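So the structure is just underneath, and the comments pick up after that.
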Amino acid sequence: MSALVDFFFLSLYFFFNKILFCYFITIFVFCYLNSISWSGLYFFFDSSIYLVLVYMSIFILGLICLSEKKTMLIMLAEVLIIICLFFFVSINMLMLYIMFELSIFPILIMILGYGSQIEKISASYYLVFYAIFCSSPFLYVYFTSTYSVFFAYYNVIMSWEMVFFLSLCFLVKFPVYFLHLWLPKAHVEAPTTASMLLAGLLLKLGTGGYLRIMMTYNNVYLLSWIMISFLGMILGSFLCIFQSDAKAVAAYSSIVHMSFVFFSLLILCKASKLGGIMMMVSHGYVSTLMFYLIGEFFHQSGTRLMSYLSGFMLSSMMLFYMMIVVFLCNGGLPPSLSFFSEFLGLTSMFLLYKSFFSLLFFYFFVSFYFSVYILSSSMMGSVINNFFLWVFAYMLPGIILMFNFFWLSLLC
C-alpha cells in the first residue's frame with residue numbers, strides 16, 4: 001500500500017494549484033506507461049483499456065481547469081479524477097465498489113451547490129436512489145461468494161439471478177434503458193463542469209466495472225439484454241428529436257451511444273468488444289466537447305433552448321467548424337473513432353444476429369438525423385453570441401483525439 005500512500009500525499013501537495021495538479025497527474029501516469037504492474041496490491045494496469053481511460057480523465061481535467069473559473073468546482077473535479085484513477089487501476093473488487101460509489105458525491109455536491117434551478121433537488125434524489133437501489137445487490141453477491149478479497153475479475157459460472165444482481169450495479173452507470181432516468185435530470189440541472197465529468201468520465205466507470213464481470217455472461221441467456229440495448233439505441237434516438245433543451249439532447253445522445261457500447265459488449269466476440277471500447281473512448285471526447293459547447297452558449301446567451309441555438313456561423317466561423325466536426329462525429333463521421341466502432345459492432349452483429357440488422361437502420365438514420373438537426377438549428381439565425389478564439393483553442397486537442405488512431409493500435 002506504499003504506492004497508494006505516496007500518490008495520495010503527493011496529490012494533496014499539488015491539490016490547490018490546478019496547473020501543477022494537471023502536470024502531476026500527467027507525469028505520474030506517463031511514467032508508468034510501460035509498467036504492467038505497480039508495487040503494492042492496489043495499483044495494477046491489467047489492460048490497456050484502463051490506461052486509455054486514465055488518459056481521457058487527464059484530458060477532461062485539463063479542459064475543465066482551462067475553462068472553469070470557480071475554484072471549488074475545479075477542486076471537486078480534481079477529487080473525482082483521483083477517485084476515478086483509483087477505480088481504473090484497482091485490482092480489489094471491494095475497493096473497486098467503494099471507489100465506484102464515492103464517485104457520486106463530487107457530482108452530487110456540484111449539482112446541489114451550483115445548480116441554478118430548484119429541480120436540482122429532485123435530480124439529486126434520482127441520482128442517490130438509483131445508486132443505492134442498484135448497487136446494494138452487488139454487496140450481496142460479493143459477500144455470499146467465497147472468492148478472495150483481492151479478486152479482480154468474476155470469471156466463474158453463476159446463475160442468471162446472481163449475474164443480474166452483479167451487473168445491475170454497473171448497468172445503472174452505462175446507463176441502459178429503464179435505468180437511465182437519473183442521467184437527463186442530472187445533466188439538465190448540473191453546471192457545465194459537472195456535465196462534462198458525468199458524460200466523459202462517470203459513465204466510463206460503469207463500462208470499466210462491467211468489463212470485469214463480462215466473463216460471467218458465458219453461461220447466461222443474453223437475448224433479453226440485447227433487446228434492452230436495442231431499445232436504448234432506438235428510443236433514445238427518437239427522444240433526442242423531441243427535446244427542447246440542448247443539454248437534454250446531448251444527455252439522451254449519451255444514452256444512445258452507451259447503449260451501443262452495451263450491445264457491442266454483449267455479442268461476446270473480440271471484434272465487437274473492440275468496437276464497444278472504441279465507441280466508449282470516442283464518446284468520452286465527443287460528449288465532453290458537446291457539453292462544453294452547449295455550456296459556452298449558455299454562458300453567453302443565458303439559455304439552452306434549441307429555438308435560440310443559432311448564429312454560430314455568423315458569430316464565429318472557426319467555432320462553427322469545430323461544432324460541425326463534433327456533432328458529425330457524434331453521428332459517426334468517417335474516419336473518426338465513432339465510425340470505426342459502429343462499423344465493427346455492425347459487422348459483428350450481422351455475422352451473429354442477421355435478423356436484427358434491419359432494426360439498426362432506425363438507429364443509424366435517427367442518430368444521424370438529430371446530429372444534423374442540431375447543426376442546422378445552430379447554423380443560421382441572428383447573431384446573439386460573440387465567442388472568442390480561446391474557445392476554439394480549448395477544443396482543438398479534443399478534436400485531434402477524436403480522430404486519433406493511437407487508441408486503436410493500443411487496444412488491439
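Treat the numbers as computed from the prediction; the structure is a model and nothing was measured.
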Item checked: Ser338 (side chain) donor-acceptor with Gly332 (main chain) under 3.5 angstrom -> no
Check: Looking at Ala194 and Ile107, what are the two nearest heavy atoms and their distance?
Finding: O-CD1, 4.0 Å
Next item on the list: Of all the heavy-atom pairs spanning Ile294 and Ala246, show the shortest one and how long it is.
Entry: CD1-O, 3.4 Å
Margin query: Has His283 got a side-chain atom pairing as donor or acceptor with Val281's backbone, closer than 3.5 angstrom?
Written below: no
Margin query: Tell me if the NZ atom of Lys247 is crowded by more than 12 foreign heavy atoms within 6.0 Å.
Written below: yes
Check: Between Phe343 and Phe339, how do the two ring planes meet: parallel, tilted or perpendicular, split at 30° and 60°?
Finding: parallel
Checklist line | Test item: Ser367 side-chain N/O and Phe364 main-chain N/O as donor-acceptor pair under 3.5 Å | finding: yes
Could you tabulate the donor-acceptor pairs under 3.5 Å formed by side-chain atoms of residues 160-177, not counting sequence neighbours?
from, atom 1, to, atom 2, distance (Å)
Glu161, OE1, Ser159, OG, 3.3
Ser167, OG, Val163, O, 2.8
Ser167, OG, Phe164, O, 3.3
Ser167, OG, Tyr217, OH, 3.1
Lys173, NZ, Phe100, O, 3.4

Next item on the list: Would you indicate whether the side-chain heavy atoms of Leu198 and Leu203 approach each other to under 4.5 Å?
Entry: no
Notebook entry, point to check: Is the backbone N or O of Val188 less than 3.5 Å from a side-chain atom of Arg304, with the two atoms forming a donor-acceptor pair by type?
Noted result: yes
Next item on the list: Output the distance between atom CG (Leu201) and atom OG (Ser103), rounded to the nearest 0.5 Å.
Entry: 8.5 Å
Checklist line | Which atom of Cys240 lies closest to which atom of Tyr252, heavy atoms considered | finding: SG-CB, 3.4 Å
Check: Quick one: does Met93's side chain get under 4.5 Å of Phe138's, heavy atoms only?
Finding: yes
Check: side-chain contact (heavy atoms from CB on, under 4.5 Å) between Met56 and Leu401: does it pass, once the steps are laid out?
Finding: CA-CA 9 Å; Met56 185 190 300; Leu401 288 170; over 6 Å; no
Margin query: Quick one, Thr207 and Ile49 - any side-chain contact, counting heavy atoms below 4.5 Å?
Written below: no
Note to self: Using side-chain heavy atoms (C-beta onward) and a distance below 4.5 Å, is Phe87 in contact with Ile83?
What the structure shows: no
Notebook entry, point to check: Between Tyr292 and Met196, is any pair of side-chain heavy atoms under 4.5 Å apart?
Noted result: yes
Next item on the list: Please report the shortest heavy-atom distance between Leu265 and Met214, naming the atom on each side.
Entry: O-CE, 3.4 Å
Checklist line | His257 NE2 to Met233 CE distance, which is reported to the nearest 0.5 Å | finding: 9.5 Å
Note to self: Between Phe327 and Leu293, is the side-chain contact (heavy atoms from CB on, under 4.5 Å) condition met? List the steps.
What the structure shows: CA-CA 10 Å; Phe327 282 93; Leu293 274 170; 4.0 Å; yes
Margin query: So does Val54 get a backbone contact from the side chain of Ser57, meaning a donor-acceptor N/O pair under 3.5 Å?
Written below: yes
Notebook entry, point to check: Do the side chains of Lys70 and Met72 get nearer than 4.5 Å, heavy atoms only?
Noted result: no
Checklist line | Rounded distance [0.5 Å steps], CG in Leu96 versus CZ in Phe88 | finding: 10.0 Å
Next item on the list: Please check if atom CG in Leu223 has more than 12 non-hydrogen atoms from other residues, nucleotides or ligands closer than 6.0 Å.
Entry: yes
Check: Atom SG in Cys84, atom NZ in Lys204: separation rounded to 0.5 Å?
Finding: 10.5 Å
Next item on the list: Provide the closest heavy-atom pair for Gly331 versus Phe368 in the form atom of the first, atom of the second, distance.
Entry: O-CD1, 3.7 Å
Notebook entry, point to check: Would you say the side chain of Leu211 lies within less than 4.5 Å of the side chain of Tyr50, judging by non-hydrogen atoms?
Noted result: yes
Notebook entry, point to check: Within the side chain of Thr347, is there an N or O that forms a donor-acceptor pair under 3.5 Å with the backbone of Leu344?
Noted result: yes
Item checked: Separation of Leu85 CG from Leu53 CG (nearest 0.5 Å) -> 11.0 Å
Notebook entry, point to check: Do Phe403 and Val325 touch side chain to side chain, with heavy atoms closer than 4.5 Å?
Noted result: yes
Check: What is the distance from atom OG of Ser341 to atom CE of Met280, rounded to the nearest 0.5 Å?
Finding: 11.0 Å
Next item on the list: Without swapping roles, check the side chain of Ser282 against the backbone of Met278 for a donor-acceptor pair under 3.5 Å.
Entry: no
Next item on the list: Mind running side-chain contact (heavy atoms from CB on, under 4.5 Å) on Leu73 and Ile64 for me, showing each step along the way?
Entry: CA-CA 9 Å; Leu73 280 175; Ile64 289 172; over 6 Å; no
Check: Under the ring-ring contact (aromatic ring centres under 6.0 Å, His included) criterion, do Phe133 and Phe129 qualify, and how do the steps go?
Finding: CA-CA 6 Å; Phe133 179 77; Phe129 173 78; 5.6 Å; yes
Next item on the list: Quick one: sort the Phe260 and Tyr363 rings into parallel, tilted or perpendicular, breaks at 30° and 60°.
Entry: parallel
Margin query: Evaluate Leu205 against Met99 for side-chain contact (heavy atoms from CB on, under 4.5 Å), listing each step before the verdict.
Written below: CA-CA 9 Å; Leu205 299 186; Met99 293 301 165; over 6 Å; no
Checklist line | Heavy-atom closest contact (Ser124 atom, Leu108 atom, distance) | finding: CB-CD1, 3.6 Å
Note to self: Using a 3.5 Å distance criterion without hydrogens, assess whether the side chain of Gln243 forms a donor-acceptor pair with backbone atoms of Asp245.
What the structure shows: no
